[in-house]
Peer 1: 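What follows is a single structure, and I will ask about it in a moment.
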Amino acid sequence: MTLQNDLFLRAVKGETTERTPVWLMRQAGRILPEYRAVRAKLKDFKELVSSPAFAAEVSIQPVDLLGVDAAIIFSDILVIPDAMGISYEMKEAKGPYFPSPIRHEADLAKIRIADPMADLGYVLEAIRLTKKELNGRVPLIGFAGAPFTIFAYVVEGSGSKTFSVARRMMYENPALSHQILQKITDSTILYLKAQIEAGADLVQLFDSWAGILTPAHYEIFSLPYIQQICEAVQTAPKTVFAKGAFFARKSLAKLDCQVLGLDWNMDIAESREMIGKEKTLQGNLDPCALYGSFADIKTETEKMLRAFGKTRHIANLGHGVYPDTDPDKVRCFIDTVKNFRG
Ligand code: CP3
């Protein structure tokens with residue numbers, strides 16, 4: 001099927017586009033009252049994630065209601081540990097919780113390589129339904145967590161400010177850490193290939209906790225696994241978003257991927273200089289800028305667009321949109337990008 005709006009995929013390839021494409025990380029979610037209405041009909045977050053028809057509905061909402069240039073499939077990075085036998089609960093207002101975290105060699109026996117067809121069929125079905133209902137209006141982004149970020153959750157057992165339990169294992173038992181990371185990596189490769197097969201036009205890896213590692217540990221415990229995934233997944237373009245990994249930009253530039261995400265701490269000109277001209281950059285407005293006035297949002301967004309320049313840029317925030325952001329402010333950001341002809 002030919003896409004009616006292929007700005008996003010053309011920018012991914014480095015082609016010059018009439019204007020910069022725009023979407024937002026975490027656009028399918030709580031900022032929209034229409035999302036909260038669907039969510040309220042269901043028991044909890046996990047039920048929404050595992051119901052393909054509802055997941056498709058909320059994936060498409062930002063396309064209809066905000067006018068973004070790409071949809072992202074509504075799911076979570078934590079479906080991978082779940083499919084590997086490490087189940088989680090999503091605690092209201094608190095976030096993820098793993099009743100049986102992975103801490104010792106003996107715990108390895110409890111985890112398996114996920115089989116996407118058997119264990120994640122609900123995500124694949126949601127992708128097929130979303131593609132069908134999008135009917136070529138915009139491309140669909142698939143995603144997964146980067147292995148280190150998933151490792152951080154399953155070893156820690158929950159979210160954390162420091163992830164010191166997970167980081168402790170990397171010092172105390174690096175061999176066990178690598179075994180866990182490899183199982184996550186193997187599962188993620190199969191999963192992303194299946195997402196593309198089901199219809200995802202691009203896949204994004206979220207290394208949300210990259211910024212808590214030392215540069216040396218990032219090179220040992222995160223990058224090699226991301227690179228394994230990038231090399232193994234060749235059927236669609238890839239975006240790597242390593243939040244906080246300003247220290248790893250030169251290494252990230254060498255990955256076999258087309259797009260790198262920047263967070264709002266990363267200077268745009270400096271990042272382009274370090275990364276070179278071969279990659280498309282995605283980002284990076286401060287999510288808190290959307291709490292400003294409409295006039296200030298326009299000014300800040302245009303400043304960002306000028307700094308990135310006309311090609312090889314996909315406009316986005318520097319991390320996911322915060323749930324208490326006014327949807328009209330989000331629209332202001334999107335419309336500013338769409339109207340900009342700098
Ligand atoms: O629009 C989209 O981006 C698609 C949906 C999406 C969700 N999670 C839905 C969700 C995506 C891409 C994610 C990725 C994700 N999940 C990441 C990486 C991106 C990032 O923000 O760094 C991470 C670290 C997670 C793990 C996760 N999921 C946490 C820590 C939490 C609780 C904190 C929170 O944001 O509430 C979740 C829950 C979650 N995932 C919600 C949504 C819409 C909120 C739960 C709800 O609606 O009830």
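For ligands, and for the atoms within them, numbers begin at 1 and follow the listed sequence. What you see below is based on every heavy atom in this structure, not just the backbone, and it leaves out hydrogens, waters and symmetry mates. Index from 1, following the sequence.
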Peer 1: Which one of Glu92, Arg39, His319 has a non-hydrogen atom at the shortest distance from atom 46 (C) of ligand 1?
Peer 2: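 Going through Glu92, Arg39, His319 one by one, Arg39 has the nearest heavy atom to atom 46 (C) of ligand 1.
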Peer 1: Return yes when Ile73 approaches ligand 1 closer than 4.0 angstrom through a heavy atom, no otherwise.
Peer 2: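 For ligand 1, residue contact (heavy atoms, under 4.0 Å) with Ile73 is present.
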Peer 1: Is there side-chain contact between Asn5 and Arg137, with at least one heavy-atom pair below 4.5 Å?
Peer 2: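 Answer no - side chains too far apart.
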Peer 1: So is Arg26 polar-close to ligand 1, meaning N/O to N/O under 3.5 Å?
Peer 2: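 Yes; at least one N/O pair falls below 3.5 Å.
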Peer 1: Applying a strict 4.0 Å limit to heavy atoms, is Lys94 in contact with ligand 1?
Peer 2: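 Flag not set, Lys94 not near ligand 1.
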Peer 1: Closest non-hydrogen protein atom to atom 42 (C) of ligand 1, residue and atom name please, with distance?
Peer 2: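 Among all protein heavy atoms, the one nearest atom 42 (C) of ligand 1 is Phe45 CE1, 3.4 Å.
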Peer 1: Measure the CG-CD distance between Leu108 and Gln182 for me, rounded to the nearest 0.5 Å.
Peer 2: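 Leu108 CG to Gln182 CD: 12.0 Å, rounded to 0.5 Å.
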Peer 1: Which residue and non-hydrogen atom of the protein lie closest to atom 11 (C) of ligand 1, and at what distance in Å?
Peer 2: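 The closest one turns out to be Phe143 CZ, 3.5 Å.
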Peer 1: Distance alone, cut at 3.5 Å: any donor-acceptor contact between the side chains of Tyr191 and Asp119?
Peer 2: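 Result is no, nothing qualifies.
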Peer 1: Can you run down the side-chain hydrogen bond (donor to acceptor under 3.5 Å, both in side chains) pairs that involve residues 196-207, sequence neighbours left out, and say none if there aren't any?
Peer 2: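 Pairs touching residues 196-207 that pass the test: Lys131-Asp201, Thr149-Asp207, Gln204-Gln282, Asp207-Tyr218, Asp207-Ser222.
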Peer 1: Before signing off on this row, confirm whether Asp76 and ligand 1 have an N or O atom pair separated by under 3.5 Å.
Peer 2: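 Min N/O separation from ligand 1 is below 3.5 Å for Asp76.
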Peer 1: Is there a side-chain contact between Asp69 and Lys338 in this structure, where contact means two heavy atoms from C-beta onward sitting under 4.5 Å apart?
Peer 2: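 Result yes, sub-4.5 Å side-chain heavy-atom pair found.
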Peer 1: For Ser208, is at least one N or O under 3.5 Å away from an N or O on ligand 1?
Peer 2: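 Yes, there is a polar N/O contact under 3.5 Å.
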Peer 1: What do you reckon, does Ala28 have a nitrogen or oxygen under 3.5 Å from a nitrogen or oxygen of ligand 1?
Peer 2: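 Such a contact does occur with ligand 1.
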Peer 1: Checking a contact table here: which protein heavy atom is nearest atom 38 (C) of ligand 1, and how many Å away?
Peer 2: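 I find the closest protein heavy atom is Met90 CE, 3.4 Å.
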Peer 1: Measure the distances from the heavy atoms of Pro96 to every atom of ligand 1 and state whether one is below 4.0 angstrom.
Peer 2: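 Judged by the 4.0 Å heavy-atom criterion, Pro96 does count as contacting ligand 1.
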Peer 1: As an exercise, identify every atom of ligand 1 less than 4.0 angstrom from a heavy atom of Gly95.
Peer 2: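 Here the atoms of ligand 1 in question are 32 (C).
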Peer 1: Is a donor from one side chain sitting under 3.5 angstrom from an acceptor on the other, for Ser271 and Arg249?
Peer 2: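 Distance-only check passes for Ser271 and Arg249.
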Peer 1: Taking atom 13 (C) of ligand 1 as the reference point, report whether a protein heavy atom occurs under 4.0 Å from it.
Peer 2: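 There is a protein heavy atom less than 4.0 Å from atom 13 (C) of ligand 1.
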Peer 1: With a cut-off of 4.0 Å, which atoms of ligand 1 are near a heavy atom of Arg30?
Peer 2: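 So the atoms of ligand 1 that pass are 34 (C), 35 (O), 36 (O), 44 (C), 47 (O).
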Peer 1: Just to confirm my output: which protein heavy-atom neighbour is closest to atom 23 (C) of ligand 1, and how far is it?
Peer 2: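 Among all protein heavy atoms, the one nearest atom 23 (C) of ligand 1 is Ile77 CD1, 3.4 Å.
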Peer 1: At under 4.0 Å between heavy atoms, which part of Lys243 makes contact with ligand 1: side chain, backbone, both or neither?
Peer 2: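 Answer for Lys243: neither.
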Peer 1: Would you say Leu65 ends up clustered with Leu140 if hydrophobic residues are merged whenever their side chains have heavy atoms under 4.5 Å apart, either directly or through other cluster members?
Peer 2: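 Both belong to a single hydrophobic cluster.
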Peer 1: Could you check whether any side-chain heavy atom of Phe8 comes within less than 4.5 Å of a side-chain heavy atom of Leu202, counting everything from C-beta outward?
Peer 2: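 Touching, per the 4.5 Å side-chain cut-off.
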Peer 1: I need the contact type for Ser75 against ligand 1. Using non-hydrogen atoms and a strict under-4.0 Å cut-off, is it side chain, backbone, both or neither?
Peer 2: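 Backbone only.
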Peer 1: Less than 6.0 angstrom from the centroid, inside 45 degrees of the normal: does Lys329 satisfy that with respect to the ring of Phe294?
Peer 2: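 Yes, Lys329 sits over the ring of Phe294.
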Peer 1: Has Glu273 got more than 12 heavy atoms of other residues, nucleotides or ligands less than 6.0 Å from its CD?
Peer 2: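 Not more than 12 within 6.0 Å, no.
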Peer 1: Find out whether the Lys NZ or Arg CZ of Lys46 is both under 6.0 angstrom from the six-membered ring centre of Tyr88 and within 45° of the ring's axis.
Peer 2: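 Because its charged atom sits under 6.0 Å from the ring centre and within 45° of the axis, Lys46 does stack over Tyr88.
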Peer 1: Applying a strict 4.0 Å limit to heavy atoms, is Tyr35 in contact with ligand 1?
Peer 2: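 Yes, Tyr35 has heavy atoms under 4.0 Å from ligand 1.
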